[in-house]
Amino acid sequence: MEKLRCVVERITFRNEQNGYSVLKCRAKGYNDLVAVVGLMPEVHVGSVLALEGSWRVDAKYGRQFTAETFEETLPATVYGIEKYLGSGLVKGIGPKFARAIVRQFGAETLNVIDDHPLRLREVPGIGETRIRRIRESWEAQKEIKNIMVFLQDHQVTTGHATKIYKTYGNDSIRVVQENPYRLADDIWGIGFRTADTIAQKMGFEKTKYVRLRSGVLYTLNRLAEEGHCYATREQLTKAGAALLEVEDALITMTLDEMIRARDVITEPRPEPEAPVIYLPPFFYAESGAARRLTAIDRYPAKISVPKEGLAERISRLTGMTYDPVQMEAIERAAGSKVMILTGGPGTGKTTTTLGIIRAFQSSGARILLAAPTGRAAKRLSEATGLEAKTLHRLLEFKPPEGYQRSEENPLEGDVLIVDESSMIDILLLYSLLKAVPEAMTLILVGDVDQLPSVGAGNVLRDLIDSGVFPVVRLTRIFRQAQKSRIITNAHRINQGQMPDLRNGKESDFFFIEKEEPETAAREIVTLVKERLPRHYGVRPEEIQVLTPMQRGVVGAVNLNQLLQEAINPGDGGLKRGGFRFRAGDKVMQIRNNYDKEVFNGDIGTIAAVSPEDGELTIRFEGRDVVYDASELDELTLAYAVTIHKSQGSEYPIVVLPILMTHYVMLERNLIYTGVTRAKKVLVAVGTRKALYTAVRTVTATGRNTLLAERLRRGRE
């Protein structure tokens, strides 16, 4: 093993998942920068590294030092100190202030910050507020360094160490030593596998109960992420045993103890089916939603809408003529407590909803309108002329208390109409229903043929399949909508037919044949950057690329990097998770953050970047939200997003890659959902074979749910 001491000059590459890094370093005795590779989680520019390893010659990259072990120490040279402070490590100090501080204090800089921080007043431009932030950040970083030293042998990144410190503070090391599996329970972004790696390094036995319990919970959570509300006992035992590499009998005993402790909830099923096992939130949500829907449906309505002359009255109020099926929907809504309206694009869901609203208004009803996302709520409001709220706003969500509207403080009104109901998962449905008084009429509107919700459950499908509530399905495409090839092709896809791919000047649906993924990716960049903006007079940021997958050449991750470099190039910004976030970038939130009131799938634009403070300011629908550097793993670039993440949104222009490299995701409802996101223009890039495969592939939306069955039982 050879030794090398060097200063990190540049970070060429870092894998955020395992810490593998490629560094360019300045080392004594070497005129040129030295390439250093190895597992070095989150070392910073300017850091001094004491390395042990060996020199190797890579066929492609040349001579490199492969580090087997490393130790990060504070920089000793003035140059190194400036690089270190300017790396964004310490909040309040960016490259500009780092230069000014080092110019003032030279080699004593780190001692000044450590022991005499008030002397920073001597630096022009640094005031009391900035000094306070620097002190707080410096102290936190020192504590994080201690944690990092403790966790370094377990290959835990500094990003995770920061989260651990934020959650547990000075108790971090004690918590990790006592039960590392708590990390998976308490900290978003640290899953069971990471916690298990730490535990194994610390000598935790594979058969220890805390490990088995955590593995079972992880398995159930993974199933929930795939849309399932429960697992069968057999399914959970097999998956858990495979994950944990233990005998089935140990999982069985663990499950028995977890059921006794109410960590999970089991429910017997009629023979020959086995009992099913729920995480408590999903059990209470599913059973509670069924109970609330049954109670609402049985309770007399507060408002009575006279049916006599209703058709003429509604046509007069709206100025529209309704066909028999639309009129049936209006009459059903007027005479029901819970009712479902479904249909594809161009079938008149919005005009029918407007007719339902006018029917109730004519009888003096107070109407509430809502949708799962801000964009869907805005569209509903524009279509009806009434205020529409997101479900979170309707339920008056306030962190950290949660929803203010509930059984104790119900919604006030006579009728609640919820659009884009296919997006509602079981947890959100239950939160909503708890706030709906039994006398209120509930009308759910949505396209059941779209993808089901990102979260667990298959709510709209289950409500329809239960057969308990009136359902009206609109199928007729209206004359005006028939002029749109987007709409006619969406219906063809939904019926298992190939879409019309004849490109024409007057068409709003275009198909560009590209077989090679690399060629398709280049074509997409050209379309977004040049051709579509020039032809339609829009900015590139207004065009949305929707792709079936995250990975691959034409996946969201790679397309985002290509599109960012084409549309918003530069060196500035903050780096995290393989992305560099710059001012002007389009970004998406990828988890619900109730404190910030920003939710999974929300898209915003980076309004400002502060390297000194390690912060981004992002504008979501006119509201500015600040993100700390440690929170950037909640964000991803959004020039390209997956079709799943686009639910509930509409975009003027959509570019949709469909290639055989997406094979595992090529399904009818996925492509149907992607096509129906385009409002004015859709450009598909790919192959006819891939499109044919998607149109012909119908995967049953087989999610483990019992909502439909619970509703039927409630009727007995």
Side-chain angles (χ1 to χ4, degrees), residues 224-229 285-286 289 293 329 338-350 352-353 369-380 383 388 390-392 394 416-433 442-466 468-475 487 490-491 493-494 546 548 599-602 641-651 667-679 698-703 705 707-708 711:
E225 288 169 9
E226 293 169 13
H228 302 294
C229 290
E286 193 177 78
L293 280 165
V338 179
M339 181 262 188
I340 296 151
L341 174 65
T342 187
T347 57
K349 286 197 304 294
T350 301
T352 305
T353 301
L369 300 180
T373 67
R375 292 188 178 200
K378 187 178 179 183
R379 286 203 312 275
L380 182 60
T390 65
L391 289 172
H392 287 92
L394 179 77
L416 171 62
I417 300 175
V418 183
D419 199 9
E420 294 286 0
S421 295
S422 63
M423 294 183 67
I424 299 175
D425 62 36
I426 194 66
L427 297 179
L428 183 55
L429 178 70
Y430 184 43
S431 296
L432 174 65
L433 293 173
L442 176 64
I443 296 161
L444 299 173
V445 182
D447 185 348
V448 74
D449 295 316
Q450 284 188 28
L451 291 167
S453 58
V454 174
N458 202 353
V459 167
L460 189 60
R461 172 70 63 188
D462 285 348
L463 294 183
I464 293 171
D465 289 350
S466 72
V468 169
F469 309 112
V471 177
V472 176
R473 180 163 192 149
L474 305 176
T475 56
I487 290 174
H491 285 274
I493 290 167
N494 201 31
L546 300 181
F599 303 101
N600 191 354
D602 285 356
V641 302
T642 63
I643 296 170
H644 280 90
K645 290 286 189 184
S646 73
Q647 287 173 266
S649 297
E650 277 186 353
Y651 313 97
E667 298 172 3
R668 184 184 299 172
N669 67 344
L670 185 84
I671 299 303
Y672 172 77
T673 301
V675 169
T676 56
R677 299 309 87 208
K679 197 172 181 180
V698 181
T699 302
T701 51
R703 293 187 166 193
T705 71
L707 180 60
L711 288 167

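Computed from heavy atoms alone, side chains included, the values below leave out hydrogens, waters and symmetry copies.
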Apply side-chain contact (heavy atoms from CB on, under 4.5 Å) to residues L428 and M423 and explain how you reach the verdict.
CA-CA 10 Å; L428 183 55; M423 294 183 67; over 6 Å; no
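- Pairing each heavy atom of A377 with each of A371, the nearest pair is N-CB, 3.6 Å.
- Counting heavy atoms from C-beta outward, T342 and S422 have side chains that stay 4.5 Å or more apart.
- Contact between I493 and R668 at its shortest, heavy atoms only, is O-CD, 3.1 Å.
- The backbone N or O of E650 sits nowhere less than 3.5 Å from a side-chain atom of K679 that would complete a donor-acceptor pair.
- For T390 (side chain) and P372 (main-chain N/O), no donor-acceptor pair under 3.5 Å exists by modelled atom type.
- Shown here for A456 and H228, the closest heavy-atom pair between the two residues is CB-O, 3.6 Å.
- Between the side chain of S421 and the main chain of L444, no donor-acceptor pair closer than 3.5 Å is present.
- A donor-acceptor contact under 3.5 angstrom links the side chains of D462 and T705, judged on distance only.
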So D425 and V454, side-chain contact (heavy atoms from CB on, under 4.5 Å) or not? Walk me through it.
CA-CA 7 Å; D425 62 36; V454 174; over 6 Å; no
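- Heavy atoms only, all atoms of each residue included: A329 and L341 are closest at CB-CD1, 3.9 Å.
- Between the CG atom of D447 and the CG atom of N494 there is a distance of 7.0 Å, given to the nearest 0.5 Å.
- The heavy-atom pair separating A370 from L380 by the smallest distance is O-CD2, 3.7 Å.
- Between the side chain of S466 and the backbone N or O of L711 there is no donor-acceptor pair closer than 3.5 Å.
- Looking only at side-chain heavy atoms (C-beta outward), L432 and V418 come within less than 4.5 Å of each other.
- Looking at heavy atoms from C-beta onward, L293 lies in side-chain contact with L442 at the 4.5 angstrom threshold.
- Residues Y672 and Q450 form a side-chain contact, since some pair of their non-hydrogen atoms from C-beta on lies under 4.5 Å apart.
- With R703 contributing its side chain and G457 its backbone, the two residues share a donor-acceptor pair below 3.5 Å.
- Contact check for T673 versus L670: no side-chain heavy atoms found under the 4.5 Å cut-off.
- The distance from atom OG1 of T676 to atom CG of D449, rounded to the nearest 0.5 Å, is 10.0 Å.
- Within the 3.5 Å criterion, the main-chain N or O of A376 finds a donor-acceptor partner in the side chain of T373.
- Shown here for I643 and S646, the closest heavy-atom pair between the two residues is O-OG, 2.7 Å.
- Annotation: side chain of L391 is not in contact with side chain of E420 (no heavy-atom distance under 4.5 Å).
- Summarising the geometry, atom CD1 belonging to I424 is positioned 11.0 Å from atom OG belonging to S431; distances are rounded to the nearest 0.5 Å.
- Formation of a donor-acceptor pair under 3.5 Å by the H491 side chain with backbone atoms of P345 is found in this model.
- Tested against V445 for a side-chain contact (heavy atoms from CB on, under 4.5 Å), the candidates T350, D419, L369 yield a single pass: D419.
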